[in-house]
Amino acid sequence: MTDQLAPETPVQERATALRISDLVKSYGDAIAVRGVSLDLAEGGILALLGPSGCGKTTILRMIAGFAEPDSGSVTLNGRDITRLAPEKRNAAMVFQSYALFPHMTVAENVGYGLKLRKVPRAERETRVWDALRLVRLEQFGKRYPSELSGGQQQRTALARAIATRPDLLLLDEPFGALDQNLREAMQIELRKLQESLGLATVIVTHDQQEAMILADRIAVVHDGRIEQLSPPAELYDHPRTRFVAEFMGVENILDAALSEGALTIGGTRLAAEEPPVGAVPGRTGACSVAVRAEAIGLTAAGTPGVLGRIGYGTNLGGRVLYEVTLADGQVVRVSEQRAAGRPTRPVGEEVSLQFDPRSLTVLEAAA
Ligand SMILES: Nc1ncnc2c1ncn2[C@@H]1O[C@H](COP(=O)(O)OP(=O)(O)O)[C@@H](O)[C@H]1O
Ligand SMILES: [Mg+2]
């Protein structure tokens, strides 16, 4: 297993643990993965995020050795493992279904991979109980999987993976079978465990919030390709394509015009000290701009900003979401903190919207 890393070592200064280069995989005529490359630093945790069927599991299975790529390579700690059998890779995978053996006790399940690897019995015992302690299941070693809750089964699968002391942990939708409360608790537990072990981890999920909680980098996968690879906050604030913006739940993709590094929205040119993200030098003309509802200011008409009219207001609890129609007819979703005692703005009220150019992203032009 990787030595525990000092938590203060910035991820970008750590050695590369996993490198995948230009992986391609097809099933018959259908191409599942179309040339995927990425690096993962020691101790880093990367999420493969995307909708069902985009190729996430196939990428993970090629890293684990359960699927053979048509082309491309997988390197772990400098060693080419592309064509190596799964048990020779020092990578451990937790399957979506957990894949526990029903006729084996929890301890036997956790020790299974060690037995396969011919680890001697005494050493096996130590590692099994160490792993069970790490996931707080030491009281449950003699039970059978059917006698465990969903969360305990999930922790058993995790213990089985870490008992092999892998260099790389691979998790395929590990919390998919758990209810929401338990899922959040397990996500935080996994993150703490991963950090304390300093274990390079790849997690597959279709849930953007799960990816945000767990990962220090997120690769958004779309139709067999990585469409954007960014830290969570960057991905949230600045999705680079329409697909990523929509998948990340950005409320607004607006029509705008770009000239000399400044944007015009709803007929008003936005003053900016520097060009917005995505406004590559030389790009001018019509463009699409992504902006979150919470990033837009809303004030009474007459204050500087883009003029609009309230079309609809919905109380979301702590915030109110408004649909505001601009002079050019397009509708902007804006959310405003709900002030105690102040009524929701009435339909038809004229308002002014403030767009901070730093919270806008000019989307890549469609190919
Ligand atoms: N063993 C297989 N045989 C045939 N097609 C497969 C196989 N595994 C995956 N696919 C296809 O490859 C594509 C990607 O699947 P998968 O990697 O499982 O996506 P995800 O995990 O993102 O939901 C899908 O179209 C799926 O139907
Ligand atoms: Mg999958």
Side-chain angles (χ1 to χ4, degrees), residues 18-38 40 45-74 76 81-87 89 91-100 150 153-154 157-158 160-161 166 168-180 183 186-187 190 194 200-215 217-230 232 235 239-249:
L18 173 72
R19 168 164 293 165
I20 69 182
S21 305
D22 223 11
L23 281 183
V24 174
K25 175 74 180 173
S26 35
Y27 293 104
D29 289 342
I31 307 176
V33 176
R34 301 170 185 270
V36 162
S37 303
L38 57 82
L40 174 63
I45 176 162
L46 176 122
L48 296 171
L49 172 68
S52 174
C54 69
K56 306 179 296 295
T57 295
T58 305
I59 298 169
L60 206 66
R61 287 167 53 84
M62 287 191 281
I63 300 170
F66 297 113
E68 199 181 340
D70 302 343
S71 60
S73 66
V74 181
L76 183 57
I81 59 168
T82 316
R83 312 274 159 197
L84 226 51
E87 68 276 9
R89 294 189 175 209
M93 181 142 161
V94 175
F95 295 90
Q96 194 164 0
S97 57
Y98 313 147
L100 299 176
Q153 290 180 28
Q154 209 281 330
L158 194 56
R160 182 171 62 185
L168 180 66
L169 181 63
L170 303 170
L171 303 155
D172 192 357
E173 311 259 9
F175 309 117
L178 307 180
D179 65 43
Q180 187 58 30
R183 191 183 310 180
M186 291 294 299
Q187 285 164 349
L190 173 66
Q194 186 272 336
T201 300
V202 181
I203 179 166
V204 160
T205 179
H206 65 272
D207 177 345
Q208 47 125 326
Q209 196 189 329
E210 180 162 289
M212 299 274 305
I213 292 173
L214 283 169
R217 285 188 315 148
I218 299 174
V220 179
V221 183
H222 178 207
D223 195 18
R225 288 195 182 86
I226 294 179
E227 190 144 323
Q228 182 168 349
L229 204 172
S230 301
L235 188 67
R240 297 304 185 101
T241 68
R242 180 175 289 266
F243 172 82
V244 175
E246 286 172 353
F247 191 75
M248 293 303 292

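Remember, it's 1-based here, ligands and their atoms both numbered in the order they're listed. Here the structure is a predicted model, which is why all the values come from computation and not from measurement. Along the sequence shown, the residues carry numbers beginning at 1.
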Next item on the list: Might you point out which heavy atoms bring F247 and G50 nearest each other, and give the distance in Å?
Entry: CZ-C, 3.7 Å
Next item on the list: Considering non-hydrogen atoms only, spot the tightest contact between M186 and L178 and give its length.
Entry: CG-CD1, 3.8 Å
Margin query: For a quick check: using heavy atoms under 4.0 Å, what are the residues in contact with ligand 1, sorted by chain and number?
Written below: Y27, A32, P51, S52, G53, C54, G55, K56, T57, T58
Notebook entry, point to check: Which residues satisfy the ring pair (Phe, Tyr, Trp, His ring centres under 6.0 Å) test with H206, sequence neighbours excluded?
Noted result: none
Checklist line | side-chain hydrogen bond (donor to acceptor under 3.5 Å, both in side chains) partners of S21, counting only residues at least two apart | finding: none
Heavy-atom side-chain proximity of [X] to [Y] below 4.5 angstrom:
X	Y	value
D223	F243	no
M212	M248	yes
L46	L18	no
L100	R160	yes

Next item on the list: Could you please tell me which protein N, O or S atoms lie under 2.8 Å from the Mg ion (ligand 2)?
Entry: T57 OG1
Notebook entry, point to check: Does R34 CZ have over 12 foreign heavy atoms under 6.0 Å away?
Noted result: yes
